[in-house]
Amino acid sequence: MAQQLIGFIGAGNMATSLAGGMIAKGIRPARIWMSDPSRDRLDEVSQQHRVHVATDNLEVAQRVDALVLSVKPQMMASVCADLRSVVEERRPLVISIAAGVTVANLRDWLGEEVPIVRCMPNTPALVQAGATGLYAAEGVDDSQKALAAQVLGAVGLTFWFDNEQSLDAVTAVSGSGPAYFFLLMEALIDAAKAQGLDAATARQLVLQTAWGAAQLAITSEAGPDVLRQRVTSPGGTTAAALEVFEEAGFREHVQAAVAAARERSEELAG
Ligand SMILES: NC(=O)C1=CN([C@@H]2O[C@H](COP(=O)(O)OP(=O)(O)OC[C@H]3O[C@@H](n4cnc5c(N)ncnc54)[C@H](O)[C@@H]3O)[C@@H](O)[C@H]2O)C=CC1
Ligand SMILES: O=C(O)[C@@H]1CCC=N1
């Protein structure tokens, strides 16, 4: 694994965070290749990370042991069509991070024999605090699984799943999940302003509280339920607020929202 080369097709936000995370974890930049049609983007990336770059996807595919497909889902079919002959001939491990693109889609586009790992990362990968679900299709060996875990593990935690359908649940929970927390932050900032706090202070209070709560939950042995109870004095302010949330059906809304996201993920996967 030490000398294997990793290529990213598409040098966008997710690809550059993954590469940045890998380099921060000690992988030599010389092992990383990136292709993108945008010369400006590649110049930026090679300056920042010192990785190899190419405007031609095939140049990267011809060199690497693992190919991370990191273009937008709607680009995937055409990008794969161009890569197909090289991939069929060389059989690199293909790692897809595209939402809603299935192993069956990738096999259609790249050939039946290609080893594929499908992943669902999330945007906190951009700050090395990601959570990624991974699924290895049949034909992926242990060293290839280790390589995929090394790539995605460079930007956060990784979790393997035995069946591909689980990735729909992962998408609904941790893939889309950052947006749920951002919505709560937005709503709390608005509420803070409605209570007379200035916008900048409201923002800082809310973000620090979100960060602190996450840190506390991650580092504490107690679960979120116990931590919530510890904040809540009987008859106090938190109890007054939580009662409003519960009466409004907060938990049921979260259940319904996640179910809707899962359903949409299944629809997108076809
Ligand atoms: N936003 C999210 O929460 C998550 C996104 N993803 C997936 O990550 C993938 C990449 O997303 P981002 O990095 O946010 O997108 P992005 O738009 O930042 O990057 C895509 C890159 O692909 C390049 N590109 C376009 N056409 C190309 C081609 N023919 N060949 C090579 N490169 C080409 C673009 O120039 C761009 O730099 C998507 O498939 C998305 O579904 C995965 C998990 C979470
Ligand atoms: O909203 C979406 O469809 C994608 C999948 C997970 C995050 N963004």
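We count ligands from 1, going down the list as the structure has it; atoms in each ligand are counted the same way.
For the pair Thr102 (side chain) and Asn105 (backbone), a donor-acceptor distance under 3.5 Å is present. Under a 3.5 Å cut-off, the side chain of Glu88 and the backbone N or O of Ser85 do not form any donor-acceptor pair. With Thr16 contributing its side chain and Asn13 its backbone, the two residues share a donor-acceptor pair below 3.5 Å.
Ring orientation note: the planes of His52 and Trp33 are close to parallel, at an angle under 30° on the 30°/60° scale.
Here the shortest heavy-atom distance to atom 29 (N) of ligand 1, taken over Val79, Val170, Thr171, belongs to Val79. Looking at Ser70, Ser78, Pro37, it is Ser70 that brings a heavy atom closest to atom 20 (C) of ligand 1. When Lys72, Met14, Met75, Met34 are checked for heavy-atom proximity to atom 26 (N) of ligand 1, Met75 turns out nearest. Evaluated by nearest non-hydrogen atom to atom 44 (C) of ligand 1, the leading choice among Ser38, Pro73, Pro121 is Pro121.
When distances from atom 4 (C) of ligand 1 to the protein are checked, no heavy atom turns up under 4.0 Å.
Polar contact check, Val71 against ligand 1: a nitrogen or oxygen pair lies under 3.5 Å apart. Looking at Arg41 next to ligand 1, no N or O pair under 3.5 Å apart turns up.
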*Given the rule in the side chain to side chain donor-acceptor pair (under 3.5 Å) test, do Gln3 and Arg28 qualify, once you have shown the distances and angles that lead to the verdict?*
CA-CA 9 Å; Gln3 295 313 317; Arg28 285 184 299 110; 2.7 Å; yes
*asked:* Using side-chain contact (heavy atoms from CB on, under 4.5 Å), reason through Cys80 and Leu69 one step at a time and then give a plain yes or no.
replied: CA-CA 9 Å; Cys80 288; Leu69 303 178; 4.0 Å; yes
*Kindly indicate, with the supporting measurements, whether the criterion side chain to side chain donor-acceptor pair (under 3.5 Å) is fulfilled by Asn122 and Ser174.*
CA-CA 7 Å; Asn122 63 8; Ser174 54; 4.9 Å; no
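Among protein heavy atoms, atom 34 (C) of ligand 1 sits closest to Asp36 OD2, 3.4 Å. The protein heavy atom nearest to atom 18 (O) of ligand 1 is Asn13 N, 2.9 Å. The protein heavy-atom contact nearest to atom 1 (O) of ligand 2 is Ser176 OG, 4.4 Å. The single protein non-hydrogen atom nearest to atom 42 (C) of ligand 1 is Ile97 O, 3.0 Å, given as residue, atom name and distance. Of all protein heavy atoms, the one lying nearest to atom 8 (N) of ligand 2 is Gly175 O, 4.6 Å. Summary of contacts: the protein heavy atom closest to atom 22 (O) of ligand 1 is Gly10 CA, 3.6 Å. Shortest contact from atom 41 (O) of ligand 1 to any protein heavy atom: Ala99 N, 3.1 Å. In terms of protein heavy-atom proximity, atom 5 (C) of ligand 2 is closest to Ala99 CB, 3.7 Å. Among protein heavy atoms, the minimum distance from atom 3 (O) of ligand 2 is reached at Leu268 CD1, 4.5 Å.
Annotation for Tyr135 and Leu167: closest pair CB-CD1, 4.0 Å, computed over non-hydrogen atoms.
Leu67 places a side-chain heavy atom less than 4.5 Å from the side chain of Ile9. Taking the side chain as every heavy atom from C-beta outward, Thr132 and Leu157 never approach each other to under 4.5 Å.
Contact check on Asp43 versus Arg39 returns a salt bridge, with a Lys/Arg side-chain nitrogen under 4.0 Å from an Asp/Glu carboxylate oxygen.
Using a 4.0 Å cut-off between heavy atoms, Asn57 contacts ligand 1 through its side chain alone, with no backbone atom that close.
Atoms of ligand 1 found under 4.0 Å from any heavy atom of Thr123, numbered from 1 in the order shown, are 1 (N), 2 (C), 3 (O). Close contacts between ligand 1 and Gly12 involve ligand atoms 13 (O), 16 (P), 18 (O), 19 (O), 21 (C), 37 (O) [criterion: under 4.0 Å to a heavy atom]. In the vicinity of Ala11, heavy-atom distances shorter than 4.0 Å reach the ligand 1 atoms 37 (O).
A donor-acceptor contact closer than 3.5 angstrom is absent between the side chains of Asp40 and Ser38.
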